**Student:** 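Sharing a structure with you now.
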Amino acid sequence: MNTCHQTLVRTYLENQGLIRTKAHAKQLHAQVIRTIGPVTATVNSLIISIYSNLNLLKESLTLFDTLDSPKPTKAWKSIIKCYASCGQFVNSLTFFNEMRTLGKIPDRNVFPSLLKSCAYLRDIRLGESLHGSVIRLGFDCDLYTGNALMNMYAKLQNFGGHQLIDVITEPQKPISSSRSEQKKSDHSHECNRDFTVGVVDFNINTKEMNLLGNVGGEKKIGSLGIDGVRKVFEEMPTRDIVSWNTVISGSLQNGRHKEALDMLREMGNADLKPDSFTLSTVLPMFAKFVDVLKGKEIHGFAIRNGFVEDVFIGSSLIDVYANCNRVEDAYKLFCFIPQHDAVSWNSIIAACVQNGRFDKGLKLFRQMLQTDLKPVEHSFSSIMPACSHLTTLHLGKQLHGYIIRAAFYENMYIASSLVDMYSKCGNLKIARLIFDNMEKHDSVSWTAMIMGYAMHGHAHEAIFLFEEMVVSGEKPNPVVMVAVLTAFSHAGWLNEGWKYFNSMTQDYGIVPALEHYAAVADLLGRAGRLEEAYKFITSMHIKPTGSVWSSLLSACRVHKNIDLAEKVAKEIFKIDPEYTGAYTILSNMYGAAGRWKEAAKIRKNMKKKGMRKKPACSWVEVKNRLHAFVAGDKSHPLYYQINEALEDILERIQREGYVPDTSEVLHDVDEEQKQYSLCAHSERLAIAFGIISTPAGTTIRVTKNLRVCVDCHTVLSFISKVLSREIIVRDNTRFHHFTNGKCSCGDYW
DNA sequence: GTAGGGTTAG
């Protein structure tokens, strides 16, 4: 090496910390060419390592290609590292393979990159082989390599490696020998040559490769998994904060929460302070266990230690608060983060959606689109449920379009959320199409589709799919059983419902939860078996909630059994005195029976307690806009036209035989007034608006927040016949498809 | 060499 080159190398070594940008690196490169002209391979390797440390893959490779063979080992190592840092793991390993076939000896610095590649490619066999090589070369006492090994075992604990050389019985290099001795041999020629002999040939494209080709005296043991992490950790001569973070994270990924907490404590004893990695690793545990106190404790620690603007900790904390139903706190936290990334956006959007703040979620999603960040896969599965709940089909379709363009449709989360969205927006056919196009199914996708059928009253399809699921080997879980029981309840299949309710416990070992009891109680109630339902609820092994009773109360109303309704209402008031729905139903029933005084008494009582009846509201989508109507609503700009259309429609359907049923009108007023009250029902306003705003024959989709009233149900049937329109109504429990005078629910709901 | 986010019910 000439003086000039030596100076350059020295300058680089002195200043390498200063080369932090692509521009700096290229400038240095240009300067070298200008001042020195053709340079040696050593200097070029140096420049490659500068490029690769900045993850400048293209620049590194271009320069690497210009080198004459044999290229220096240093250059090979830089490229391997750069590929791994840029996420090109297969290339990283292929390059290592090529380097090995040229007889070049790997040193300790190259193993972390290789192990990282194995971790990401989920290649536990190669990882284990590399571990063997690490041990043989004596690099297992290297801090960085040890950390990388732990990381690999932590990430691959569920990918069952099947063999590992038991290093303890490996005769050539007992691990119990003194570490200093091993360290000395690290660089010894002998050791390296031993390695070279050990590795014959391997090809990274085949799973059959084994770095340890012909090592003798090996004993095979099972996959290491979390024990691998712990073992490496325990045998490390020195550990730093990364080692602790990795072992804690490994325990958490393995579900060993207590162990992780113990390690956290132990880390403190070792005089190491948790850093931002530690905190964002342990926070998800508190989110999972809904432990807002622990979350706050860490929040405090983060504030005291200057981590308050850390985007990793921030999004984990958002998650903790969201899981504890504290969206406001989550949002405040979100606002504190100066630089948002895709994850923090997703955390706050998911926080809103999971807590029922759908509008806020959509608003934030739109805000995110206005930044430079592109939505990622998580963004779609987080926001989609908002469309499902709000029945905003046009929005759901827009998102679906984006998903197709971005080729995200193979993602299980996204596909399941699309199945759910199309089902809940009334389009079962497309839901099924997406479901059928999925490569594989999990319990969530099966449940989403089965629930779709259940909500639309297609019990046959629901149960057929459930049986298909069982045959496919997917074990039924409590959620899918709710879907199955719901299907029976909406179809009124009492015997089948009982059968599956019993088999749930006997065959699948699922202990019935409130939801399952509620579905069966509902089934009995709808079938008119009111007394049985009452007995069923009182004999539950868990305390019934207001909502379980309220489904029976609704059934009492449908079957006009005031005596039982009073009894049931009493139970509800005992459990949940604030349950508005119960007061409303009871007062409606008194009204329908002409017992006006009692009806008035309840309403007065409600007023005294400051309770208000939940206003009935219906939504209809016209030309990609959602229009909302509240009962008796006169605020819509087209109110006059809507009313005119309604009168016209009523006249036409009365000619077809419709007779208004005013029994569900609350007030003690005359018949004409009652009919007028019926006309003001929110679902009618929405339908009438849909009819006057769309061309003849267009399907009208309406969503209502409460149950559709009996008279409106009849009116909608008539309209579907007289105007030849398909009308799809989603009420708070199910779908009604009206075509040609008939509803899909068979008037049973 | 280490970290955070998503889908199904109610």
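Source: prediction; values computed, not measured. We name chains A, B, ... by the order of the sequence lines, and we start the count at 1 in each one.
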**Student:** Please pick, from B:dG6, B:dT2, B:dA3, the nucleotide with the shortest atom-to-atom distance to any side-chain atom of A:D310.
**Tutor:** B:dA3

**Student:** Would the base of B:dT8 count as contacting A:T447 through its side chain, where contact means a donor and an acceptor less than 3.5 Å apart?
**Tutor:** yes

**Student:** Given the structure, check if the side chain of A:S381 and the base of B:dT7 hold any donor-acceptor pair shorter than 3.5 Å.
**Tutor:** no

**Student:** Mind checking if A:A415 touches a base, just sugar-phosphate, or nothing, with heavy atoms under 4.0 Å?
**Tutor:** nothing

**Student:** Please classify the nucleic acid contact of A:V419 as base, sugar-phosphate, or nothing, using heavy-atom distances under 4.0 Å.
**Tutor:** nothing

**Student:** What contact category does A:L283 fall into here, base, sugar-phosphate, or nothing, at under 4.0 angstrom with non-hydrogen atoms?
**Tutor:** nothing

**Student:** Which nucleotide wins on minimum distance to the side chain of A:D442, given the candidates B:dT7, B:dG10, B:dG6?
**Tutor:** B:dT7

**Student:** Need one value for A:M412: base, sugar-phosphate or nothing, where a base atom within 4.0 Å counts as base even if backbone is also close, heavy atoms only.
**Tutor:** base

**Student:** In this structure, is the centre-to-centre distance between the rings of A:F111 and A:F139 below 6.0 Å?
**Tutor:** yes

**Student:** Within the structure shown, what part of the strands sits under 4.0 Å from A:N411 by heavy-atom distance: base, sugar-phosphate, or nothing?
**Tutor:** base

**Student:** Report the nucleotide, chosen from B:dA3, B:dG5, B:dA9, that has the shortest atom-to-atom distance to any side-chain atom of A:D420.
**Tutor:** B:dA9

**Student:** What do you reckon, do A:F277 and the base of B:dT2 stack, with centroid distance below 5.5 Å and planes below 30°?
**Tutor:** yes

**Student:** Would you say the ring centroid of A:Y153 lies under 6.0 angstrom from that of A:H131?
**Tutor:** yes

**Student:** Base, sugar-phosphate alone, or nothing: which one does A:V311 contact when heavy atoms must sit under 4.0 Å apart?
**Tutor:** base

**Student:** Hey, is the main chain of A:C141 close enough, under 3.5 Å, to the side chain of A:T145 for a donor-acceptor pair?
**Tutor:** no

**Student:** Is the A:F334 to A:W345 ring centre distance short of 6.0 Å?
**Tutor:** yes

**Student:** Over all strands shown, is A:S276 touching base, sugar-phosphate only, or nothing at heavy-atom distances under 4.0 angstrom?
**Tutor:** base

**Student:** Using a distance-only criterion (donor-acceptor N/O pair, under 3.5 Å, no hydrogens), is the base of B:dA3 paired with the side chain of A:S280?
**Tutor:** yes

**Student:** Tell whether A:S315 reaches the base of B:dG4 with its side chain through a donor-acceptor pair below 3.5 angstrom.
**Tutor:** yes

**Student:** If you compare every side-chain N and O of A:K155 against the phosphate oxygens of B:dA3 (OP1, OP2), does one of them come in below 4.0 Å?
**Tutor:** yes

**Student:** Under a 3.5 Å distance rule, please check whether A:N323 uses its side chain to pair with a backbone N or O of A:A287 as donor and acceptor.
**Tutor:** yes

**Student:** Pull out every residue in residues 344-351 of chain A that has a heavy atom closer than 4.0 Å to any atom of DNA chain B, ordered by number, or say none.
**Tutor:** A:S344, A:N346, A:S347, A:A350

**Student:** I'd like to know whether the aromatic ring centres of A:Y517 and A:F536 sit less than 6.0 Å apart in this structure.
**Tutor:** yes

**Student:** Heavy atoms only, 4.0 Å cut-off, all strands: where does A:K81 land among base, sugar-phosphate and nothing?
**Tutor:** nothing

**Student:** Would you find a donor on one side and an acceptor on the other, under 3.5 Å apart, between the side chain of A:S92 and the backbone of A:I80?
**Tutor:** yes

**Student:** Enumerate the residue pairs fulfilling salt bridge (charged side-chain N to carboxylate O under 4.0 Å, His left out) with a member in residues 434-444 of chain A, sequence neighbours excluded, ordered by first and then second residue.
**Tutor:** A:R432-A:D436

**Student:** Could you tell me whether A:P385 contacts a base, only the sugar-phosphate backbone, or nothing, with contacts defined as non-hydrogen atoms closer than 4.0 Å?
**Tutor:** sugar-phosphate

**Student:** Side-chain N or O of A:Q354 less than 4.0 angstrom from OP1 or OP2 on B:dT7?
**Tutor:** yes

